[in-house]
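We count ligands from 1, going down the list as the structure has it; atoms in each ligand are counted the same way.
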Amino acid sequence: MSDVSNYEQVYKTWQDDPEGFWATEAKELSWSKSWDKVFDESQDAYGRWFAGAECNTCYNAVDRHVEDGRGEQAAIIYDSPVTGTKQTYSYVEVKSEVEALAAALQDQGVTKGDRVLIYMPMVPEAAFAMLASARLGAVHSVVFGGFAANELAIRIDDCAPKVIISASCGIEPNRVIAYKPLLDEAIELSKNKPDACIILQREQQTCDLIDCRDIDYKDITNVHKTAGSVVPCVAVAATDPLYVLYTSGTTGTPKGVVRDNGGHMVALNWSMGAIYDIKPNEVFWAASDVGWVVGHSYIVYGPLIKGATTIMFEGKPVGTPDAGTFWRIVEEYKVSALFTAPTALRAIKKEDHQGAFLKPYDVSSLRTLFLAGERADPDTIQWAEDLLNIPVIDHWWQTETGWAIAGNPVGLGKLPVKLGSPTVAMPGYDIQIVDDAGNPVPAGGFGNIIVKLPLPPGCFPTLWNADERFRSAYLEAFPGYYQTSDAGLKDEDGYLFIMARTDDIINVAGHRLSTGGMEEVLVSHPDVIECAVIGIADKLKGQLPCGFVVLKSDHEKSPEEIEKECVQLVREKIGAVAAFKLCVTVARLPKTRSGKILRGTMRSIADKEEYKIPATIDDPVILEEITAVMKSKGIG
Ligand code: COA
Ligand code: AMP
C-alpha cells in the first residue's frame, strides 16, 4: 500500500469520461455478449449500465477462476467457533457444490427470472445458494436470520419465491434458534406459497420436513453430485436482476433493493482492487452476515469475482469464545484486509481495552482494517489504530448503492485520514451538500447529502415491484439527484462527514432499522393509543430503540405489564435483531400544533444534547413531563 495516492487522477479520469472509465473496468470480466451501450440513459428511471450485454455472475465468481487455473485455490473458508467447525472449499469444490444445488433448483422448475429466497445462518451453504441462484439466472433474496416470521412473510409475499432455501437452525452464542418453525409460520402467514423448500439439516438441531414440500439439502445435492449433474451458467442481460435485498424504509414495509448483474460485477471487481487493495490469491474477510448488503458484496460476490479467498465466520466478535476471535482468524488464515462494523470493535474494546487477547496472535498479515455500517467514532478508530498499528479506514455506503459512496481507496494509495470522516467521493459519485430547497451549502456547512444522477454501476436501478416508490423515495426531493437520506458536510478538501439520517431510520449495532416499523407494531397492542419510537445513543451499539407509549384510558393491565408485552411484541413481529428492550409509558407525547410528534426533540433530551423548544410546539409542558419520565427510567 502506497502513501502516494493516485486518487485524484483516477477520479478525474472518471469525471472526464464516465463511460470510458467503466468500459475499461468491464474488460476485466467475462461477458457472453458485449454491450450495445456502456450507459443507456433512455432506460428506466435514470438509465442503465451495460445495456445489451449478457453475462453470468456465478460464472465470473466461480467458473472463470477454475478455467483460469485457480481451481485449487481456497475460495471460501468457513470458520464457526459456535459449532467448532472449520472447512475450506477450493474454487473447484465451490463449483461442484453450487452446480449440485443449482441442479436441485432446476428439479423444482427454477429458471431465469424466478425468485429463490434464502433464510440461512452463516454457513457456506448460504453462499452456495446465492451462487446457485445466480447460475440459473434466477433472482435471490436473502433474509437475515434475526428477523421473525412476520418479517419473513412480508418478504415472501413481496418477491414470491418459487423455492426457499433454509436451514434447521441458527446458532447464537447463548442459544440454538430453530429456523424451521419460523419458516413454517412465515409460509403459513404469506399469500405466495413457495413450491418447495430445500432445508439444510444441521446436527445441532434437526427439524421435521413436511411431505410434498420440504427437501433435504444434503440428500438432494448428494444425488446430483453422484450423478455428475452438469448445470451450465445461464446468460442473462447485464441489466437483469441478480438479487433483491430488503432494507428498512420509512414505513414498516421494507424496500426491495434490486441489484443487476453486469454493473454489479464491474463495480465490485473495481472496488476489491482500488478500495480494498486486494489481489487474487489474497484473503479478504468481511465479518458481517450474508443477510446484509456487506455480506452480499464483500463476503460473497466481491472477493470471489476478484479471485480472492473469502471467510464465512459464524460467530461474534466477543464471547465466541473471547475477544481474541477476530485476531485468531486473522492469524490462522493470513487475512490481508478485515472489514467490520465499528460496533464490533467497540464490543472488543469493551472487553479487552489493553489488547491482552490480541497478544497471542501474529496479525502481521493484516494490512488494513475497514469499517462501515454506521459512523465510525474517532475514539474507536484511534483505539484500533494504536492496537493494530495499521490504517483503520472508515467508508460510507448503503444497501442501495451496494458499494462505497465515499472511502479512502488504499489500493490507489492511501489518502490522509481525517478522524470522523469516511474520506472522499469514489469515482462514479458526484456528491453534493444542499439545503432542504436544494441550494448548495458552502464547504463545511451541514446539509442533505445527495448524489448526481446517474448513479454508478452496481447501484440499484429501482425497487422490486415498486418503481413509483423508488422515484418518490429517492429521486423526487432533489430532481436530477439521488437523495441518500443521510445528512452531513463536506469540508474544503472534499472530505465528507456523515452525521445523521434525515428519515426515521436508526442504526443499531450496524443494523439498519425503521422506527416507523416498530411504531406500527406498538400501536397494534390493544392498550396502546399512540406511540413514538426514537433511537437513543448507546456506547456499544451506536443507537438503541426506545418506545414511548400512551395508553388507552380504559386499559386493564398495569403500565409495567403493557410495556413488557410491547417489548415481546416487537421481538415476535420484527425479531430479536431490533434489540427493542426499552418501552416507557407516558401520559402524552410532545407535538407540533399540526399534530406532528417531536421525535427529534425527544431524542435530544434522551441524548442530553442541547435543544431549542420548537416554535410550533403545541404544549411545552409535555417536554418537561417526558424529561421527568426519562429521568425516572435512567434515560437522558
Ligand atoms: N439469527 C437469530 N437471531 C439473531 C441473529 C441471527 N442471525 N443475529 C442476531 N440475533 C439476535 C441476537 O441473539 C440478539 O438476541 P438477544 O436480544 O436475545 O440477545 C439480538 O438478535 C441482537 O443481536 P446483535 O445485534 O448481534 O447483538 P448482540 O448483543 O448479540 O451482539 C455485537 C453485539 C456488537 C457483538 C454484534 O451486534 C455485532 O457483532 N455487530 C456487528 C454487526 C455487523 O456486522 N453488521 C453488519 C454491517 S457491516
Ligand atoms: P445499510 O443500508 O444497512 O448499509 O445502512 C446504510 C446507512 O448506514 C447509511 O445511510 C448511513 O446512515 C449509515 N452508515 C453506513 N456506513 C456509514 C459510515 N461509514 N459513516 C456513517 N454512517 C454510515
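- Ligand 1 is approached by Arg175 to a heavy-atom distance shorter than 4.0 Å.
- Within a 4.0 Å radius of atom 5 (C) of ligand 1, the protein contributes one or more non-hydrogen atoms.
- For Tyr298 and Trp403, the ring centers are positioned 6.0 Å apart or more.
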- What do the steps show when you test Glu565 against Lys573 for salt bridge (charged side-chain N to carboxylate O under 4.0 Å, His left out), and what is the final call? CA-CA 12 Å; Glu565 285 178 5; Lys573 294 281 178 203; over 6 Å; no
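- Tyr482 and Gln398 share a donor-acceptor pair across their side chains, judged by distance under 3.5 Å alone.
- In this structure, Trp285 has its ring center no closer than 6.0 Å to that of Phe339.
- Here the heavy atom of the protein found nearest to atom 42 (C) of ligand 1 is Ala509 O, 3.2 Å.
- Between Phe144 and His511, the ring planes lie tilted relative to each other; the angle falls in the 30° to 60° range.
- Closest protein heavy atom to atom 40 (N) of ligand 1: Thr343 CG2, 3.5 Å.
- For Arg346, the closest heavy-atom approach to ligand 1 does not fall below 4.0 Å.
- Protein heavy atom nearest atom 29 (O) of ligand 1, with residue, atom name and distance: Lys541 NZ, 3.2 Å.
- Taking every non-hydrogen atom of Ile498 and a distance limit under 4.0 Å, the qualifying atoms of ligand 2 come out as 21 (C), 22 (N).
- Annotation: atom 6 (C) of ligand 2 to nearest protein heavy atom, Trp397 O, 3.6 Å.
- Below 30°, between 30° and 60°, or above 60°: for His296 and His140 the angle between ring planes is between 30° and 60°, a tilted geometry.
- Heavy atoms of Gly373 come nearer than 4.0 angstrom to ligand 1 in no pair at all.
- Among all non-hydrogen protein atoms, the one lying nearest atom 13 (O) of ligand 1 is Glu172 OE1, 2.6 Å.
- Near Pro317, meaning under 4.0 Å from any of its heavy atoms, are these atoms of ligand 1: 35 (C), 39 (O).
- Where the criterion is an N or O separation shorter than 3.5 Å, residue side chain and backbone included, Asp289 fails it with respect to ligand 1.
- If you look at Glu374 next to ligand 2, the close heavy atoms, those under 4.0 Å, all belong to the backbone.
- Heavy atoms of Ala579 come nearer than 4.0 angstrom to ligand 1 in no pair at all.
- Residue Trp292 does not touch ligand 2, judged by heavy-atom distances below 4.0 Å.
- Only the side chain of Asn507 comes within 4.0 Å of ligand 2, judged by heavy-atom distances.
- Looking only at atom types and distance, the side chain of Gln201 has no donor-acceptor partner in the side chain of Tyr217 under 3.5 Å away.
- The heavy-atom pair separating Arg375 from Pro342 by the smallest distance is O-CG, 4.0 Å.
- Taking the ring centroids of His264 and Phe460, they lie at or beyond the 6.0 Å cut-off.
- For ligand 1, the atoms closer than 4.0 angstrom to any heavy atom of Val294 are 48 (S).
- In the vicinity of Thr399, heavy-atom distances shorter than 4.0 Å reach the ligand 2 atoms 1 (P), 2 (O), 3 (O), 4 (O).
- Contact atoms of ligand 1 toward His511: 25 (O), 42 (C), 45 (N) (distance under 4.0 Å to a heavy atom of the residue).
- Taking every heavy atom of Asp394 and a limit of under 4.0 angstrom, the matching atoms of ligand 2 come to 18 (C), 19 (N).
- In this structure, the protein non-hydrogen atom closest to atom 43 (C) of ligand 1 is Ala341 CB, 3.9 Å.
- When heavy-atom distances to ligand 1 are checked against a 4.0 Å cut-off, Arg571 comes that close only through its side chain, counted from C-beta outward.
- Relative to the six-membered ring of Phe357, Arg328 misses at least one condition, a distance below 6.0 Å or an angle of at most 45° to the axis.
- Atom OG1 of residue Thr484 and atom CD1 of residue Ile449 lie 5.0 Å apart, to the nearest 0.5 angstrom.
- For Lys316, a nitrogen or oxygen atom sits less than 3.5 Å from a nitrogen or oxygen atom of ligand 1, counting backbone and side chain alike.
- There is a protein heavy atom closer than 4.0 angstrom to atom 34 (C) of ligand 1.
- The nearest protein atom to atom 8 (N) of ligand 1, hydrogens excluded, is given as Phe144 CZ, 3.4 Å; this is a heavy-atom distance.
- With a 4.0 Å heavy-atom cut-off, ligand 2 is reached by the side chain of Asp486 but not by its N, CA, C or O.
- Side-chain contact check for Tyr301 and Lys306: no donor-acceptor pair (N or O, by modelled atom type) lies under 3.5 Å.
- The Ala287 neighbourhood of ligand 1 comprises atoms 44 (O), with distances under 4.0 Å to a heavy atom of that residue.
- Only one option out of Glu400, Arg469, Gln483 pairs with Tyr474 in a side chain to side chain donor-acceptor pair (under 3.5 Å); it is Glu400.
- Near Lys581, the atoms of ligand 1 lying under 4.0 angstrom from a non-hydrogen atom of the residue are 16 (P), 17 (O).
- Proximity to Val577 (heavy-atom distance under 4.0 Å) selects the following atoms of ligand 1: 21 (O).
- Of all atoms in ligand 1, listed by their number and element, those nearer than 4.0 Å to a heavy atom of Tyr179 are 1 (N), 7 (N).
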- Steps toward salt bridge (charged side-chain N to carboxylate O under 4.0 Å, His left out) verdict (Glu172, Lys316): CA-CA 9 Å; Glu172 283 293 287; Lys316 301 257 175 173; 3.0 Å; yes
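- Across Gly145, Ala578, Pro173, Ala576, heavy-atom proximity to atom 22 (C) of ligand 1 is greatest for Ala576.
- Interface atoms of ligand 1 facing Ile177, defined by a heavy-atom separation under 4.0 Å, are 2 (C), 3 (N).
- For Arg202 against Ala167, the heavy-atom pair with the smallest separation is CD-CB, 4.4 Å.
- A donor-acceptor contact under 3.5 angstrom links the side chains of Thr83 and Thr85, judged on distance only.
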